Amino acid sequence: MKKKIAILVATFLVQWGFAQTYDDGSLKAKKGNFLTELNVNPFKANLSLNNSLNQIKGRYFIKDDLALRLGVSVNVVDSTGSYGSPYGSQSYFISTSTKQSSTDFNFGIEKHFRGTNRLSPYIGVDVSWGRQRSRNNVTTNASTVDVKNGYLELMPVYDNNGYGNHFTLTPDGYTRFGAMAIAGFDFYMAKSFFVGYEFNLGYSNFKYKTPEVTGLGDDSRGIFNSISNKSVTSFKPSLMNGIRIGYTF
């Protein structure tokens with residue numbers, strides 16, 4: 001008898017625990033939940049942050065069917081290199097140093113629909129802003145060149161006038177603005193764990209800053225310094241690269 005009572009009590013506690021954990025049987029996120037995720041591409045065997053901007057992404061549900069979206073990324077690159085030929089009458093060396101920093105922000109809102117106890121389809125909108133700064137320094141036999149908001153690609157050349165360098169100047173600093181319409185879904189494999197996919201139709205505008213070049217010496221023949229303002233605008237659909245895998249706090 002005692003054994004039967006213990007089994008009944010244990011069964012009741014398990015069922016009560018399920019009821020407290022799952023409420024109405026839905027596994028989906030609700031008001032007050034915070035979600036974050038990663039992006040997995042099983043066909044390329046890689047793991048990355050969430051979107052095309054490689055941002056850390058979070059979502060916060062202000063209602064059971066309404067969530068705020070935020071994506072942030074900060075990237076800093078500092079690289080150096082040198083090459084040359086120390087032999088012969090036309091010896092040369094080239095040393096480069098490049099520093100680059102960028103920040104990107106996305107903010108948006110998404111509306112979730114009924115779906116099922118596990119499936120949560122949604123639509124939403126995002127706006128985004130970003131900026132990149134760069135600094136490039138090139139030192140050769142004859143000069144030291146400093147470039148802001150761009151970089152130099154340099155190769156030594158020899159012509160009838162003797163030794164010289166061929167410079168190609170490329171803009172690299174920019175500001176970016178974008179807006180997109182989003183459609184996607186979350187499918188909850190378990191409580192607080194989901195997979196999903198997302199695609200969007202978006203507008204973006206990159207406005208490149210005019211490179212500023214200082215310190216040019218006699219070694220500057222061939223530099224393409226005609227680059228001024230450059231702007232690139234696009235409007236197109238795009239898919240997330242892989243499957244979103246996330247969890248809920």
Side-chain angles (χ1 to χ4, degrees), residues 38-39 41 44-57 70-107 128-178 204-234 238 241-242:
L38 293 173
N39 207 49
N41 192 327
K44 292 186 178 181
N46 65 13
L47 178 70
S48 67
L49 297 177
N50 179 259
N51 55 22
S52 59
L53 297 174
N54 206 33
Q55 293 177 329
I56 298 173
K57 176 184 171 182
L70 178 66
V72 179
S73 70
V74 178
N75 295 295
V76 178
V77 177
D78 191 346
S79 63
T80 59
S82 60
Y83 60 96
S85 175
Y87 307 106
S89 59
Q90 299 291 347
S91 63
Y92 69 93
F93 76 90
I94 300 172
S95 177
T96 64
S97 173
T98 303
K99 295 182 179 181
Q100 185 185 82
S101 64
S102 62
T103 55
D104 284 282
F105 298 93
N106 269 38
F107 180 77
S128 62
W129 177 87
R131 178 177 67 180
Q132 179 165 288
R133 295 176 175 177
S134 64
R135 196 96 186 199
N136 178 231
N137 181 275
V138 179
T139 300
T140 70
N141 303 48
S143 64
T144 296
V145 183
D146 189 65
V147 184
K148 183 179 179 181
N149 297 319
Y151 62 89
L152 287 174
E153 292 180 326
L154 183 151
M155 289 296 294
V157 294
Y158 305 96
D159 53 28
N160 295 331
N161 297 318
Y163 168 79
N165 284 316
H166 177 84
F167 293 84
T168 300
L169 177 61
T170 303
D172 192 45
Y174 63 78
T175 57
R176 179 191 59 81
F177 173 78
S204 67
N205 175 262
F206 283 79
K207 186 172 181 58
Y208 288 87
K209 299 178 181 180
T210 303
E212 300 175 16
V213 183
T214 57
L216 289 174
D218 295 335
D219 202 22
S220 63
R221 285 173 296 171
I223 187 169
F224 290 88
N225 57 4
S226 60
I227 296 177
S228 56
N229 292 328
K230 178 183 177 182
S231 180
V232 179
T233 300
S234 64
S238 61
N241 178 29

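In this text, all values refer to a predicted model and were calculated from it rather than measured experimentally.
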- request: For Gly130 and Asp104, work out which heavy atoms get closest and say how close.
  value: CA-OD1, 3.3 Å

- request: For Val232, check side-chain contact (heavy atoms from CB on, under 4.5 Å) against everything at least two apart and list the hits.
  value: Phe206, Tyr208, Lys230

- prompt: For Ser134, which residues count as a side chain to side chain donor-acceptor pair (under 3.5 Å) partner, sequence neighbours excluded?
  reply: Asp172

statement: In this structure, OH of Tyr151 is separated from OG1 of Thr96 (nearest 0.5 Å) by 12.0 Å

task: Give the C-alpha distance, both sets of side-chain angles, the deciding distance and a yes or no for side-chain contact (heavy atoms from CB on, under 4.5 Å) between Asn137 and Thr144.
output: CA-CA 7 Å; Asn137 181 275; Thr144 296; 3.7 Å; yes

Sequence neighbours excluded, every pair satisfying salt bridge (charged side-chain N to carboxylate O under 4.0 Å, His left out) that has a member inside residues 72-85: none

- prompt: What are the two closest non-hydrogen atoms of Pro211 and Val147, and how far apart are they?
  reply: CB-CG1, 4.4 Å

- prompt: Are side-chain N/O atoms of Arg176 and Ser128 paired as donor and acceptor at under 3.5 Å?
  reply: yes

statement: So CG of Asn106 and CD1 of Ile56: to nearest 0.5 Å the spacing works out to 13.0 Å

- request: Could you tell me whether the side chains of Asn75 and Ser101 share a donor-acceptor contact shorter than 3.5 Å?
  value: no

message: If you apply the rule side-chain contact (heavy atoms from CB on, under 4.5 Å), what do you find for Asn205 with Ser231, and how did you get there?
response: CA-CA 7 Å; Asn205 175 262; Ser231 180; 3.1 Å; yes

query: Excluding sequence neighbours, so at least two apart, what forms side-chain contact (heavy atoms from CB on, under 4.5 Å) with Ser95?
result: Ser82, Thr139

statement: Thr80 meets the side chain to side chain donor-acceptor pair (under 3.5 Å) criterion, sequence neighbours left out, with none

task: To the nearest 0.5 Å, tell me how far Lys207 NZ sits from Tyr174 OH.
output: 15.0 Å

query: Can you pull the salt bridge (charged side-chain N to carboxylate O under 4.0 Å, His left out) pairs that have at least one residue in residues 135-152, sequence neighbours excluded?
result: Arg135-Asp146

query: How would you list, by chain and number, every residue that makes a side chain to side chain donor-acceptor pair (under 3.5 Å) with Ser234, sequence neighbours excluded?
result: Ser204

Asn149 CG to Gln132 CD distance, which is reported to the nearest 0.5 Å: 9.5 Å

- line: For Ser79, the side-chain contact (heavy atoms from CB on, under 4.5 Å) test, sequence neighbours excluded, returns Thr98

